[in-house]
Colleague: 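Quick one: this structure, given as C-alpha cells, is what I'll be asking you about.
All chains are named by letter (A, B, ...) in the order of the sequence lines, taking the proteins before the strands, and each is independently numbered beginning at 1.
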There are 2 protein chains.
Amino acid sequence: MAKNKKTTIQDLANYANVSIGTIDRVLHNRGKVSPAKRKKVEEAIEKLDFNPNLLARTLALGRQFTVCSLFPEATTSQSYWALPKIGVDQGVEVYRDFGMDLHAYEYSLFDESSFIKNADAILGKNPSGVILAPLFEKESLEFITKLQERSIPYVFIDANIKNKENLSYIGPDLKGSGYIAGKLLNSVLEPSDDILIVNMVKGFENSAHTAVVEKGFREFFKSNAALSNRKIDSITIPSTLETEVSRELTKYYIKNPGTKGVFVTNSRAHLISRYHALHELDIKVVGFDIVPGNVAELKNGNIDYIISQRPVFQGVTAVKTLFDFFVYKKSPAIVQYVPLDIIIKENVDYYINFQ
Amino acid sequence: MAKNKKTTIQDLANYANVSIGTIDRVLHNRGKVSPAKRKKVEEAIEKLDFNPNLLARTLALGRQFTVCSLFPEATTSQSYWALPKIGVDQGVEVYRDFGMDLHAYEYSLFDESSFIKNADAILGKNPSGVILAPLFEKESLEFITKLQERSIPYVFIDANIKNKENLSYIGPDLKGSGYIAGKLLNSVLEPSDDILIVNMVKGFENSAHTAVVEKGFREFFKSNAALSNRKIDSITIPSTLETEVSRELTKYYIKNPGTKGVFVTNSRAHLISRYHALHELDIKVVGFDIVPGNVAELKNGNIDYIISQRPVFQGVTAVKTLFDFFVYKKSPAIVQYVPLDIIIKENVDYYINFQ
DNA sequence: TTTATATTTGTGTACCTACACACTTTTTTA
DNA sequence: TAAAAAAGTGTGTAGGTACACAAATATAAA
C-alpha cells in the first residue's frame with residue numbers, strides 16, 4: 001500500500017535511477033528506451049503503484065475540448081427541452097477547468113432548414129464532440145455522415161437512431177417507458193374502462209419515437225390476458241395549441257364516453273388534464289416528465305402519474321460520456337438507459353429540489 | 001464576452017500593469033496593496049471575466065483532504081450498507097487527484113463499543129471531515145462533541161440527529177417515505193383490508209428512526225377519512241434470523257387472518273415476502289431499498305413496491321458536499337433530502353444498471 | 001538630511017506532467 | 001578506423017496558482 005503521498009513521475013525516476021524523460025517515454029510508449037531501463041521503470045510503476053495525476057496532465061497538455069449541442073429550442077423555460085440543456089450546462093461547468101467548452105445550438109421543430117443551418121454552423125466550429133437530439137431523422141443522418149467524415153464523435157440524447165456510429169445513446173428505453181405507463185394507468189382503472197392514447201406532435205417531430213412508446217404501452221395490456229379485452233384507441237393531435245387540442249378531445253370524447261384513462265406519450269399531459277378539469281371529466285391521466293405544467297396538474301390531482309426520464313441527468317451524462325472518452329479514452333456503453341422515475345404527488349417535490 | 005482563451009492571473013497582471021504577486025494579494029485579500037493598484041486589479045478581474053483555474057490552484061496548494069466514514073458494517077455485499085459505501089468510494093475516486101483520501105470505518109450494530117472504538121480511531125487520524133451514519137444516538141452525540149472541539153466538519157448520512165452542528169444531513173425524509181409507502185400499499189388493497197407494519201430491528205439500532213417512518217405511514221391513512229377505519233397494527237421483530245422472523249409472523253397471522261398488506265420499515269422486506277410465498281399467503285408487501293434480496297422478490301411478484309432512498313447517491317453526495325465545503329468554502333443546505341424512487345418490477349432494472 | 005521603519009511590489013520556486021530539444025552512447029556503413 | 005546514423009537519455013520549459021522572500025518605495029522619526 002504505502003499511499004501516504006501520491007507517487008509522482010519523479011518518484012519513479014528516483015526509484016529506477018533514470019530521468020523523468022525516460023519515465024515519460026515508457027509511460028507513453030514513445031520508444032527509445034533500452035530494455036533494461038524499461039524493465040526497471042515498469043517495476044517502479046508496479047511497486048510504487050503509480051497513477052498519473054490528471055490535474056497536472058491536463059495542465060501540461062493544455063488541450064481544449066469544444067462540445068456542441070444541438071437540441072430543439074426550448075420555447076419557454078417551462079418546456080421540456082430546457083431540462084437537458086440545464087444538465088449539459090451543469091456537466092460542462094464541472095469540466096470547465098479541464099478545458100471543456102460548450103456551444104449550444106437550437107433548432108425549431110417547425111423548420112427542418114433551421115436544423116440544417118445549425119448543423120452546418122457546428123461543423124464550422126470543428127468541435128471535439130457533439131451532443132445531438134436527433135428528432136429529425138433524415139437531417140440527422142446527413143449531419144452524422146458529415147461528422148463521421150471528420151471523425152468527430154457524437155452521442156445521441158433523448159432520441160435514438162439505431163445502428164449508427166454514435167458513441168452512445170443516453171435516454172429512456174422508449175418501449176419500457178410505454179410499458180410502465182400501461183402498468184400505472186391500469187392500476188388506477190377498472191378492468192372495463194376504455195383508454196385513449198394521445199400523441200401530441202409539434203412541428204415535424206419524428207413520430208417513430210411516439211410509435212415505439214405506444215407499442216410498449218399496448219404490450220403491457222397484451223401481456224396479461226385478463227386486461228386485453230379493454231378498448232384502447234389512439235389519436236394524434238398535430239398541435240399544442242389549446243383550441244386545437246380542445247376541439248380534438250371534444251370530438252373524441254363525445255363519440256367515446258366510456259373513456260376513463262388517457263396516456264399522453266410526451267411531456268404535454270397537462271394540456272389534456274386541464275381540459276378534463278375544465279369539463280369536469282373524471283379521467284385518469286399518465287404522462288411524461290417533470291415540467292412545471294405537469295407538476296401543477298399532478299399536485300392538484302388532475303394527473304395521476306408522471307414518468308420522468310431524468311432529462312437533466314441525461315445532459316450531465318452526455319457531457320461526462322464525451323469527457324471520459326476524450327480524457328480517459330473510455331468507450332461508453334452504446335446504450336445508456338436512464339432510470340424511469342415514477343412520480344406522484346407525494347414524491348414530486350424531492351425530485352424538483354434535487355435537480 | 002471574448003472567452004476565446006481562459007483568463008489567467010498573468011493576463012490580469014498585464015492588464016493592470018502589476019506583477020502576479022499583487023494580483024494574488026488582491027484575489028486573496030492578503031492586504032498590502034495600494035488602493036490605486038487594487039482598484040486597477042479589480043477592474044481587470046471584472047473586465048476580463050477572471051475565474052481561477054481549479055486545477056492549477058489545487059496543484060499549487062498541494063492540500064490533502066482526509067475523509068473518514070463511519071457506517072454500520074455491511075455483513076455481506078448483499079446488505080444495505082454496502083450501497084452508501086459504494087457511493088462514497090465513487091465520490092472519493094472522482095476527487096482523488098484533488099487530494100482527497102478516504103479511510104472507511106465500520107461498526108457492529110450489535111456492539112456499541114465497536115462504535116466508540118472506531119470513532120476514537122477516526123479522531124486519531126485527525127481527518128479533514130467525517131461522514132457519519134449515526135444509528136447509535138448516544139454514542140454519536142459523544143463523537144460529534146469531540147469532532148466539534150477539534151473543528152472537524154461532519155455530515156450525517158441516511159439517519160439524522162436534529163439541531164446539531166453537522167454541515168448537512170443527506171438522506172431521506174423519513175416521514176415522507178412512510179407517507180408514500182402508505183399511498184402505495186393502499187393503492188393495491190381493498191378498503192377493508194387490514195395492514196401490518198413490521199419493524200425488524202437488528203442489534204441496538206436507534207428505533208426512533210423507524211418510529212418516524214411508521215408515523216408518516218399512519219398519517220397517510222389519517223389524511224383521508226375514507227381510509228382511516230382500516231385496522232393498522234405494528235409489531236417489532238428484534239432479529240433478522242429466519243426462524244425468529246418466522247415465529248413472530250406465524251404468531252401474528254394466526255390471530256389476524258384479515259391481514260392483506262404489510263409495510264416493512266427497512267430494507268428487509270424480502271424476509272417477510274419469502275415467508276408469504278412459502279406459506280402461500282396472498283399479502284401485498286411494500287418495503288425499502290434495492291438490495292438483491294428485495295429485487296428478486298420484486299421480480300417474482302412477492303413484493304409489490306420498493307421505495308429506494310438512493311443509497312449510492314447519498315454516499316456520492318456526502319463526499320461532494322465535503323469537497324465543495326473544503327475547496328469552494330460552499331456551505332451546503334442543512335438538509336438534503338434525496339429523491340424517493342418508486343420501484344416496481346418493470347423499472348427496477350434501469351436502476352440497477354445505472355448505479 | 002539621514003536613518004529607521006512600515007508599506008508596497010516584484011521575483012523565484014514548487015506543484016506534476018508532457019514534450020521539444022540537446023546531448024551522449026552505441027551501432028552501422030563506407 | 002573514421003564518419004555517419006541510430007538509439008538512448010537528460011534537461012528545460014510551459015501551463016496557472018500560491019506563497020515565501022527579496023527588493024523597492026514611501027513615510028516617520030531623529
Colleague: If the helix axis at each end comes from five base pairs, how far does the helix from dT1(C)-dA30(D) to dA30(C)-dT1(D) deviate from straight, to 10°?
Modeller: 60°

Colleague: Listed by chain and number, what are the side chain to side chain donor-acceptor pair (under 3.5 Å) partners of R63(B), not counting sequence neighbours?
Modeller: none

Colleague: Does this structure show an ion pair linking R96(B) with E93(B), if we count only N-O contacts that are shorter than 4.0 Å?
Modeller: yes

Colleague: Nearest whole Å is fine: how far is dC16(C) P from L55(A) CG?
Modeller: 11 Å

Colleague: Can you tell which of dA18(C), dC19(D), dT17(D) lies closest to the side chain of A56(B)?
Modeller: dT17(D)

Colleague: Is there a side-chain polar atom (N or O) of S34(A) under 4.0 Å from OP1 or OP2 of dA7(D)?
Modeller: no

Colleague: In whole Å, I'd like the distance from the CG atom of N53(B) to the P atom of dT17(C).
Modeller: 16 Å

Colleague: Identify the two heavy atoms, one from I161(B) and one from S140(B), that lie closest to each other, and give their separation to 0.1 Å.
Modeller: CD1-CB, 3.9 Å

Colleague: Can you find a side chain N or O atom of R57(B) that sits less than 4.0 Å from OP1 or OP2 on dA18(D)?
Modeller: yes

Colleague: At less than 4.0 Å, is any side-chain N or O atom of T22(B) found next to OP1 or OP2 of dG10(C)? Yes or no.
Modeller: yes

Colleague: Under 4.0 Å: is that the gap between some side-chain N or O of K37(A) and OP1 or OP2 of dT9(D)?
Modeller: yes

Colleague: Nearest whole Å is fine: how far is dT17(C) P from N14(A) CG?
Modeller: 12 Å

Colleague: Taking only Lys NZ, Arg NE, NH1 and NH2, and the carboxylate oxygens of Asp or Glu, determine whether D324(B) and K320(B) approach each other closer than 4.0 Å.
Modeller: yes

Colleague: To the nearest 0.5 Å, what is the distance between CD1 (I152(A)) and SG (C68(A))?
Modeller: 8.5 Å

Colleague: Send over the distance from L59(A) CG to dC19(C) P, rounded to a whole Å.
Modeller: 14 Å

Colleague: Expressed as a whole number of angstroms, how long is the span from I45(B):CD1 to dT17(D):P?
Modeller: 11 Å

Colleague: Under 4.0 Å, counting only non-hydrogen atoms across every strand here, what does D24(A) touch: a base, just sugar-phosphate, or nothing?
Modeller: base

Colleague: Quick check on the 6.0 Å ring-centre criterion: do Y107(B) and Y105(B) meet it?
Modeller: no

Colleague: From NE2 of H28(A) over to C1' of dA20(C), roughly how many Å is that when rounded to an integer?
Modeller: 15 Å

Colleague: Of all the nucleotides listed (dG8(D), dT11(C), dA18(D)), which has the minimum atom distance to the side chain of S19(B)?
Modeller: dT11(C)

Colleague: Between the side chains of E142(B) and K146(B), is the shortest nitrogen-to-carboxylate-oxygen separation below 4.0 Å, so that they form an ion pair?
Modeller: no

Colleague: Just to be sure I understand the rule, does G21(B) reach a base, reach only the sugar-phosphate, or reach nothing, if contact means heavy atoms closer than 4.0 Å?
Modeller: base

Colleague: Does a distance-only test, which skips hydrogens and angles, find a donor-acceptor pair under 3.5 Å between the side chain of R25(B) and the base of dG10(C)?
Modeller: yes

Colleague: In this structure, how many angstroms lie between the P atom of dC19(C) and the CD1 atom of I23(A), rounded?
Modeller: 15 Å

Colleague: Roughly how far, to the nearest 0.5 Å, is CD of E73(B) from OG1 of T76(B)?
Modeller: 11.0 Å

Colleague: From CZ of R30(A) over to C1' of dA18(C), roughly how many Å is that when rounded to an integer?
Modeller: 7 Å

Colleague: Across the strands shown, which category fits L61(B) at heavy-atom distances under 4.0 angstrom: base, sugar-phosphate, nothing?
Modeller: sugar-phosphate

